[in-house]
Amino acid sequence: MSDTAVDRLTREEAEVELARLADLLTRANTAYHTDDAPEMSDADYDAAKLRNAAIEARFPDLKRPDSPSEQVGAAPAEGFGKITHSVRMMSLANAFDDADVTDFDARIRSYLNLSPTAPLKFTAEPKIDGLSLSLRYENGELIQAATRGDGEVGENVTANARTITDIPARIDGAPDVLEVRGEVYMSHEDFAALNTRQAERGGKTFANPRNAAAGSLRQLDSEITRARPLRFFAYSWGELSAPLAETQTGAINRLETLGFQTNPLTRTCDGPEEMLAHYREIEAQRATLGYDIDGVVYKVDDLALQNRLGSRATTPRWALAHKFPAELAWTRLEAIDIQVGRTGALSPVARLTPVTVGGVVVSNATLHNEDYIAGRDSKGEEIRGGKDIRIGDWVQVYRAGDVIPKVADVDLSKRPDDTQPYVFPTRCPECGSEAVREEGDSVRRCTGGLICPAQAVEKLKHFVSRAAFDIEGLGAKQVEMFYADDTLPIREPADIFTLEARDAAQIAKLKNREGFGEKSATNLFAAIDDKRRIPLNRLLFALGIRHVGEVAAADLARHFTSWDAFARAIDTAAPAAQRHVMAEEAVLRERRAAAEEGRRAAVTAARTQIWEAAPALDPAAKAAWDDLVGIDGIGAAVAVSLVTTLQQTAERASIDRLVAELDIQDMEAAATGDSPVAGKTVVFTGSLEKMTRAEAKARAEALGAKVSGSVSAKTDLLVAGPGAGSKAKKAAELGVETIDEDGWLALIGG
DNA sequence: GTGCCTCGAGTTCC
DNA sequence: CTCGAGGCAC
């Protein structure tokens with residue numbers, strides 16, 4: 001019956017067929033999500049969905065309550081809802097040897113202005129190799145569980161978390177709001193038993209306990225999770241309505257009292273020596289613990305100090321992960337392939353005879369760059385005893401940070417007789433353009449620009465990536481597909497936004513394609529339309545301009561607030577950027593000449609000469625340039641990159657076509673938090689007594705202030721400690737408000 | 001000019 | 001996650 005044309009079905013047949021399709025599609029969905037092994041091809045899946053929709057259209061009254069067409073996001077790639085963490089889930093800075101640990105202690109003391117002998121306690125605990133989870137309790141009730149995700153937004157796995165025995169559904173005597181954070185993991189014993197069971201059932205087995213735990217927690221059907229032996233150690237917290245304790249140790253004890261498992265090897269240490277001793281103790285017990293750990297985590301014990309130390313972009317300053325040495329493996333280097341990145345960088349990738357390293361089979365590994373293969377470091381000095389890496393060699397592989405496979409060493413004694421030194425290509429393997437290495441640069445880059453298909457595709461992938469446009473249903477795979485497409489191509493970002501219109505104008509519709517259906521096509525168009533309105537910072541990041549990452553894009557967006565102001569400023573600054581480049585070239589020439597003639601280089605003179613050469617530089621251009629490089633975090637390299645990109649006609653035309661398709665959201669003029677210093681530009685000068693300079697800067701920025709190094713007309717506030725000199729004088733001249741350290745502390749409330 | 005520190009870019013496997 | 005390099009403080 002499944003072959004009968006829809007318009008020939010009788011009413012009774014239609015009813016039976018709808019039931020069959022509902023069952024088929026539900027099973028296909030489950031198979032896709034739970035076994036990671038789809039039973040149906042995407043095309044068959046879409047065909048079934050289309051048929052279901054067609055029958056429903058003909059017999060609307062027969063539509064079932066469990067109709068597959070009603071299931072939102074029935075497209076298999078969708079999964080869990082998203083949860084924005086109320087307090088970011090940070091990652092940890094890493095240490096690989098004892099010196100990194102003593103440095104950590106020293107760095108904290110210097111940041112806090114503590115003497116080397118002042119008491120400073122730390123905790124040390126095993127770093128569990130699982131996946132982190134944040135549990136939110138309100139009034140003692142578990143209401144939400146979220147994975148780490150990117151630290152900002154994670155996945156909602158509440159139903160699955162409820163099935164884990166180590167996670168209490170309710171707790172007594174906790175603060176009204178308590179977010180408990182910890183690690184979900186699987187013991188060695190349970191992992192082995194699970195794999196045996198999976199193998200017997202013909203299901204898929206897992207490579208290691210970490211993957212098994214991750215796979216089990218991310219089941220759409222929480223009954224499957226329930227059957228998986230997951231465990232949980234609590235080690236941290238997020239949002240709290242009341243403090244748990246005054247120290248890390250106290251807080252962990254409190255979590256234990258509340259009914260959570262905490263790691264029994266957690267210790268409080270008096271300093272680096274005790275921390276390292278505990279590290280060795282944990283390392284010695286590693287094999288007999290019964291679960292995987294990949295290092296030891298140290299934390300400043302005093303929570304008030306943790307608070308003062310604060311965080312860098314992605315890691316807190318008060319914690320450190322001391323990693324165990326990486327596992328190593330030897331294997332044969334079968335080939336060296338060259339990949340082309342979005343900036344044109346040619347990266348060599350090692351194709352290896354597959355080998356197990358730390359529980360995972362590795363068949364590819366990075367070879368970093370040209371020099372690394374040749375056996376030289378960035379300064380051209382020979383490394384690894386001058387061994388060059390050749391195809392056919394036995395190479396040592398490890399997984400850096402237990403993740404990224406790298407080639408670490410070569411065994412020359414096993415080198416076959418017929419090997420040749422590897423010759424790094426000087427032409428792009430993808431487009432044949434010349435690949436050049438700029439002076440002092442370690443990477444060779446394809447000069448093809450937008451002509452190079454590899455660069456174009458990688459740029460598009462970057463454009464749709466998570467921190468950029470993040471278009472649902474348009475990932476790396478789809479981008480490649482559309483790039484290669486002849487009837488409905490996406491060759492540049494603007495093409496994404498004209499996709500629907502172009503599709504509508506064509507006879508061969510996207511929805512009729514293999515792998516696509518009615519629903520997936522409409523979903524994609526809707527997802528694209530959804531992103532037409534885009535915040536300026538995301539747009540600037542998405543453009544993929546060299547040296548402009550997420551942070552620089554945000555800095556630029558905050559400074560210029562609108563696309564028009566940004567583009568105008570860059571265009572205006574262009575002549576000055578050109579002078580800058582010429583001046584730096586002149587400096588290089590002067591340096592070389594001076595070295596030859598054995599005299600001191602007149603660097604400043606060479607620079608000034610170009611800047612002041614005729615024809616005179618437009619003062620507006622100079623002002624725009626100064627304004628640009630005056631932005632905190634934006635220097636000459638970024639500024640030049642912005643100008644060159646926007647001044648290139650082809651590139652600019654492509655950007656203009658994109659901008660015409662968008663509704664760009666302006667940024668708020670200033671961070672208007674409720675803090676009295678939000679949006680203000682603050683300068684610190686003189687010596688500060690109650691805090692260090694770094695600390696003061698971090699605190700001010702956390703409150704939304706911009707901290708600058710020098711006093712100018714744009715400065716709103718000068719915080720002057722004892723010994724303030726020229727800056728205080730200049731502030732007085734400019735009429736900038738000046739306060740002392742105590743005044744500052746009073747202003748920010750502590 | 002030198003030495004941090006942070007950001008950007010590239011990378012693997014599931 | 002790491003490496004290189006840009007940015008900035010000293």
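In the text below, chain A, chain B and the rest are named by the order of the sequence lines, each starting its count at 1.
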| OP1 or OP2 of dT12(B) sitting under 4.0 Å from any side-chain N/O of Thr366(A)? | no
| said: With a 4.0 Å cut-off on N to O distance, would you call Lys477(A) and Glu480(A) a salt bridge? | reply: no
| query | Lys406(A) has a side chain; which of dG6(C), dT11(B), dT2(C) sits nearest to it? | reply | dT2(C)
| In whole angstroms, how far is the P atom of dC1(C) from the CG atom of Asn364(A)? | 20 Å
| Expressed in angstrom and rounded to an integer, what is the separation of Leu642(A) atom CG from dG7(C) atom P? | 10 Å
| note | Rounded to whole Å, the CG-P distance (Leu346(A) to dG4(C)) equals 17 Å
| request: Find the distance Asp371(A):CG to dT2(C):P and express it as a whole number of Å. | output: 21 Å
| Of the nucleotides dG7(C), dC1(C), dC3(C), which one has an atom closest to the side chain of Asn94(A)? | dC1(C)
| Looking at the side chain of Asn369(A), which of dG10(B), dC14(B), dG4(C) is the nearest nucleotide? | dG4(C)
| request: Could you check how far CZ of Arg317(A) sits from C1' of dT6(B), rounded to whole Å? | output: 11 Å
| field | Shortest side-chain distance from Val362(A), nucleotide among dC13(B), dC3(C), dC14(B) | value | dC13(B)
| message | Using the ring centroid of each side chain, check whether Phe541(A) and His462(A) are separated by less than 6.0 Å. | response | yes
| Regarding Glu334(A) and Thr353(A), is there a side-chain donor-to-acceptor distance under 3.5 Å anywhere? | yes
| Phosphate contact (dA9(B) OP1 or OP2) by Arg342(A) side-chain N/O below 4.0 Å | yes
| query | Of the non-hydrogen atoms in Pro453(A) and Cys431(A), which two are nearest, and what is the gap between them? | reply | CD-CB, 3.8 Å
| With Cys446(A), the side chain to side chain contact (heavy atoms under 4.5 Å, CB included) member among Pro425(A), Pro429(A), Ser433(A) | Ser433(A)
| note | Among dG4(C), dT12(B), dG6(C), the one nearest any side-chain atom of Pro405(A) is dT12(B)
| Whole Å only: how far is the CG atom of Asp100(A) from the P atom of dC1(C)? | 14 Å
| said: What's Ala214(A) touching, base or sugar-phosphate or nothing? Going by heavy atoms closer than 4.0 Å. | reply: nothing
| said: In this structure, how many angstroms lie between the C1' atom of dC14(B) and the CG atom of Asp129(A), rounded? | reply: 14 Å
| said: Go nucleotide by nucleotide along DNA chain B from the 5' end; which of Arg107(A) and Gly549(A) gets its closest nucleotide reached first? | reply: Arg107(A)
| said: Under 4.0 Å, counting only non-hydrogen atoms across every strand here, what does Val443(A) touch: a base, just sugar-phosphate, or nothing? | reply: nothing
| message | I want to check one thing: is the phosphate of dT12(B), taken as OP1 and OP2, less than 4.0 Å away from some side-chain N or O of Ser363(A)? | response | no
| message | As a test of reading the structure: which of dC14(B), dG6(C), dC1(C) is closest to the side chain of Lys323(A), going by heavy atoms? | response | dC1(C)
| Whole-Å gap separating C1' (dC7(B)) and CZ (Phe541(A)) | 11 Å
| task | Would you indicate, yes or no, if dG10(B) has its OP1 or OP2 atom less than 4.0 angstrom from a side-chain nitrogen or oxygen of Gln339(A)? | result | no
| When you check the gap from the basic side-chain N to the acidic O, do Lys127(A) and Glu183(A) get nearer than 4.0 Å? | no
| request: Using heavy atoms to find the nearest nucleotide of DNA chain B for Arg546(A) and Arg591(A) separately, return the residue whose nucleotide is more 5′. | output: Arg591(A)
| said: If you only use heavy atoms from C-beta on, which nucleotide in dT2(C), dG6(C), dC7(B) is closest to the side chain of Val551(A)? | reply: dC7(B)
